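Remarks on the structure that follows.
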Amino acid sequence: MQNAMLECIRARRSTRDFLPRQIESEQLDALLEAAIWAPSGGNNQSWLFTAIQNQELLLRLNELVRTGFQSYIPDDDYPGKHGVIGAARREDYNFYFHAPTLIVASNKPGYENAMADCALALENIFLAAESLGLGSCYINQLHWLRDDAGVREFLFTLGIPKEHSICSSAAVGYIGKPSPAPARKENTIRVIR
Ligand SMILES: Cc1cc2nc3c(=O)[nH]c(=O)nc-3n(C[C@H](O)[C@H](O)[C@H](O)COP(=O)(O)O)c2cc1C
């Protein structure tokens with residue numbers, strides 16, 4: 001089937017190469033509004049979306065992330081968690097791919113749907129970005145470093161409560177180099193009628 005929404009879902013890609021040009025404030029408003037129209041468990045809406053557009057602050061956060069990964073001990077075998085330790089040592093490492101806007105999704109502590117609610121809201125952001133001609137990418141690093149003292153202190157100065165769980169973040173901006181579509185695996189769908 002074809003319609004504008006289905007096309008948007010198929011066309012969205014994780015962008016990892018952004019232009020430095022900032023997005024329009026109306027676009028940011030639309031993305032944040034899309035986020036809060038996501039469903040939430042029990043209609044909790046206990047999330048907080050913090051959009052960072054100040055490049056100096058973003059670069060400072062990047063330095064704290066780089067430092068945080070130097071003492072980071074992965075808690076499972078997820079390959080990205082291991083690869084990032086070496087990658088973050090590089091001077092040119094930038095965890096948000098130099099996107100001009102980073103939206104951090106956090107949620108209240110001890111709420112079992114915290115990740116699910118924020119992930120649904122982030123997908124709304126990604127699809128809304130695609131519909132506006134913008135690129136976006138799910139960025140997990142702040143979730144991995146959610147207990148890192150330096151990162152948490154800095155996020156606190158931006159208004160993210162210290163007790164909040166950092167669920168994830170979305171990098172957003174104009175697309176520099178488009179990402180190819182990774183093939184979808186077979187046999188991941190079943191229909192029982
Ligand atoms: C839970 C989750 C975590 C992800 N974390 C990252 C990340 O930290 N950095 C990144 O570049 N992409 C990240 N991605 C994006 C995936 O790599 C991407 O969705 C996948 O390769 C498929 O590509 P597509 O989004 O273009 O379809 C994440 C995606 C999800 C759903």
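In listed order, ligands and their atoms are each counted from 1. Values below: all heavy atoms of this structure, side chains included; hydrogens, waters and symmetry mates excluded. All figures in this text were calculated on a predicted structure; none of them were measured in a lab. Just so you know, residue 1 is the first one in the sequence shown, and it goes up from there.
Counting only N and O atoms by type, the side chains of Thr101 and Gln53 include a donor and acceptor under 3.5 Å apart.
In this view, Glu153 and Lys162 satisfy the salt bridge (Lys or Arg N to Asp or Glu O under 4.0 Å) rule, not counting sequence neighbours. For Ser46, the side chain to side chain contact (heavy atoms under 4.5 Å, CB included) partners are Asn44, Asn107, Lys108, Tyr111, not counting sequence neighbours. Not counting sequence neighbours, the partners of Arg90 by the salt bridge (Lys or Arg N to Asp or Glu O under 4.0 Å) test are Asp92.
Protein neighbours of ligand 1 below 4.0 Å, counting non-hydrogen atoms: Arg12, Arg13, Ser14, Arg16, Phe97, Cys137, Tyr138, Ile139, Asn140, Gln141, Pro182, Arg184.
Annotation: side chain of Asn140 is not in contact with side chain of Phe95 (no heavy-atom distance under 4.5 Å).
Using a cut-off of 4.0 Å between Lys/Arg side-chain N and Asp/Glu carboxylate O, Lys81 and Asp76 are scored as salt-bridged.
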